[in-house]
Amino acid sequence: MTTTAGEDIAHTLGLLLRRSTRTRLHARLTEGLGKAVDDLTYPVLSGLARTGPCSAADLGREVGLDRTTVSRRAGRLARAGLLERRPDPDDGRAALLALTDDGHAVVAVTRQRLTDAVEDSLAGWPPAEARTFARLLHRFVGRGPFAAGDE
């Protein structure tokens, strides 16, 4: 049976987006970075690196976790000195989560590990194909079903 390009892409994206795939990748990226940094806390660190200081509720929406889960994981990271809670300048009753310098350093390590893993997987590709893939993937994510909407 012949499938369409859309069906092939949807199936492959399903494999890519599975929780087990993300868990395995996050475990690989965080290996050896300390007890507080693992596949569970990685999304909090990575999300904060993208958003900058924000509330646990806002970060939860960014990374697909509820506020209490983010707060619990943030507590582990705070005890390890990787993030801190700061007063929200717009709401004295609220706190913002923010990466510390050590937290930024851990994120830099994990991002380099991810870049290295991607580059290793593309090592056998002709360079022009790898650049084309990168360009087309960027276009697909920016304009396809994952594109940011008017949220």
Side-chain angles (χ1 to χ4, degrees), residues 6 9-123 125 127 130-151:
I9 291 168
H11 174 74
T12 303
L13 286 172
L15 297 174
L16 179 66
L17 296 172
R18 284 189 317 206
R19 181 178 302 271
S20 62
T21 303
R22 290 191 318 266
T23 299
R24 212 171 31 255
L25 176 63
H26 295 169
R28 201 167 128 202
L29 297 177
T30 61
E31 186 176 350
L33 294 177
K35 278 180 23 179
V37 183
D38 59 20
D39 61 296
L40 297 176
T41 58
Y42 174 79
V44 173
L45 285 172
S46 181
L48 276 176
R50 280 191 309 277
T51 65
C54 66
S55 70
D58 288 343
L59 182 59
R61 283 188 287 279
E62 171 72 17
V63 300
L65 298 170
D66 64 73
R67 181 190 54 76
T68 52
T69 300
V70 168
S71 292
R72 197 169 44 252
R73 293 176 186 179
R76 284 180 57 201
L77 294 166
R79 285 188 295 279
L82 302 175
L83 70 76
E84 62 188 6
R85 289 180 170 84
R86 298 179 183 164
D88 184 339
D90 298 327
D91 182 352
R93 301 164 298 163
L96 300 178
L97 303 174
L99 292 178
T100 63
D101 289 343
D102 288 344
H104 283 289
V106 166
V107 169
V109 168
T110 62
R111 287 184 174 171
Q112 187 60 56
R113 287 178 178 181
L114 179 57
T115 297
D116 292 347
V118 170
E119 288 179 354
D120 286 349
S121 71
L122 295 173
W125 292 33
R131 290 299 320 150
T132 298
F133 176 70
R135 182 178 49 80
L136 293 175
L137 181 60
H138 186 267
R139 186 168 84 190
F140 180 76
V141 170
R143 297 184 194 159
F146 302 101
D150 297 320
E151 299 167 359

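Numbers here simply count residues along the sequence, with the first being 1.
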Looking at [X], I want to see if its [atom1] is surrounded by more than 12 non-hydrogen atoms of other residues, nucleotides or ligands under 6.0 Å.
{"X": "R28", "atom1": "CZ", "result": "no"}
{"X": "E31", "atom1": "CD", "result": "no"}
{"X": "D116", "atom1": "CG", "result": "yes"}

Residues in side chain to side chain donor-acceptor pair (under 3.5 Å) contact with R93, at least two apart in sequence or another chain: D91

Can you see which heavy atom on [X] is nearest to which on [Y], and at what distance?
{"X": "P145", "Y": "F140", "answer": "CD-CZ, 3.7 Å"}
{"X": "L48", "Y": "C54", "answer": "CD2-SG, 4.0 Å"}
{"X": "R67", "Y": "A57", "answer": "CG-N, 3.8 Å"}
{"X": "A130", "Y": "L122", "answer": "CB-CD1, 4.3 Å"}

Evaluation steps, side chain to side chain contact (heavy atoms under 4.5 Å, CB included), between T100 and H104: CA-CA 6 Å; T100 63; H104 283 289; over 6 Å; no

Tell me if a side-chain donor or acceptor on [X] pairs with a main-chain N or O of [Y] at a distance below 3.5 Å.
{"X": "T115", "Y": "R111", "result": "yes"}
{"X": "S55", "Y": "L96", "result": "no"}
{"X": "T110", "Y": "V107", "result": "yes"}
{"X": "T41", "Y": "R73", "result": "no"}
{"X": "T69", "Y": "L65", "result": "no"}
{"X": "R79", "Y": "G75", "result": "yes"}

Check: R50/S46 side-chain N/O donor and acceptor closer than 3.5 Å: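 Side chains of R50 and S46: pair found under 3.5 Å.
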
Rounded to the nearest 0.5 Å, how far apart are [atom1] of [X] and [atom2] of [Y]?
{"X": "R76", "Y": "K35", "atom1": "CZ", "atom2": "NZ", "value": "9.0 Å"}
{"X": "S20", "Y": "L25", "atom1": "OG", "atom2": "CG", "value": "11.5 Å"}
{"X": "H11", "Y": "I9", "atom1": "NE2", "atom2": "CD1", "value": "12.5 Å"}
{"X": "R135", "Y": "R139", "atom1": "CZ", "atom2": "CZ", "value": "6.5 Å"}
{"X": "D102", "Y": "L82", "atom1": "CG", "atom2": "CG", "value": "6.5 Å"}
{"X": "E84", "Y": "L77", "atom1": "CD", "atom2": "CG", "value": "12.5 Å"}

Any heavy-atom pair between the side chains of [Y] and [X] that's under 4.5 Å?
{"X": "L97", "Y": "V70", "value": "yes"}
{"X": "R86", "Y": "P53", "value": "yes"}
{"X": "R19", "Y": "R24", "value": "no"}
{"X": "T30", "Y": "L45", "value": "no"}

Ion pair check, D39 and R22, cut-off under 4.0 Å: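 Salt bridge absent between D39 and R22.
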
Any pair counted as ring pair (Phe, Tyr, Trp, His ring centres under 6.0 Å), so long as it reaches residues 42-69, sequence neighbours left out: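 Those involving residues 42-69 are H26-Y42.
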
Pairing residues for S121 by the side chain to side chain contact (heavy atoms under 4.5 Å, CB included) criterion, not counting sequence neighbours: none

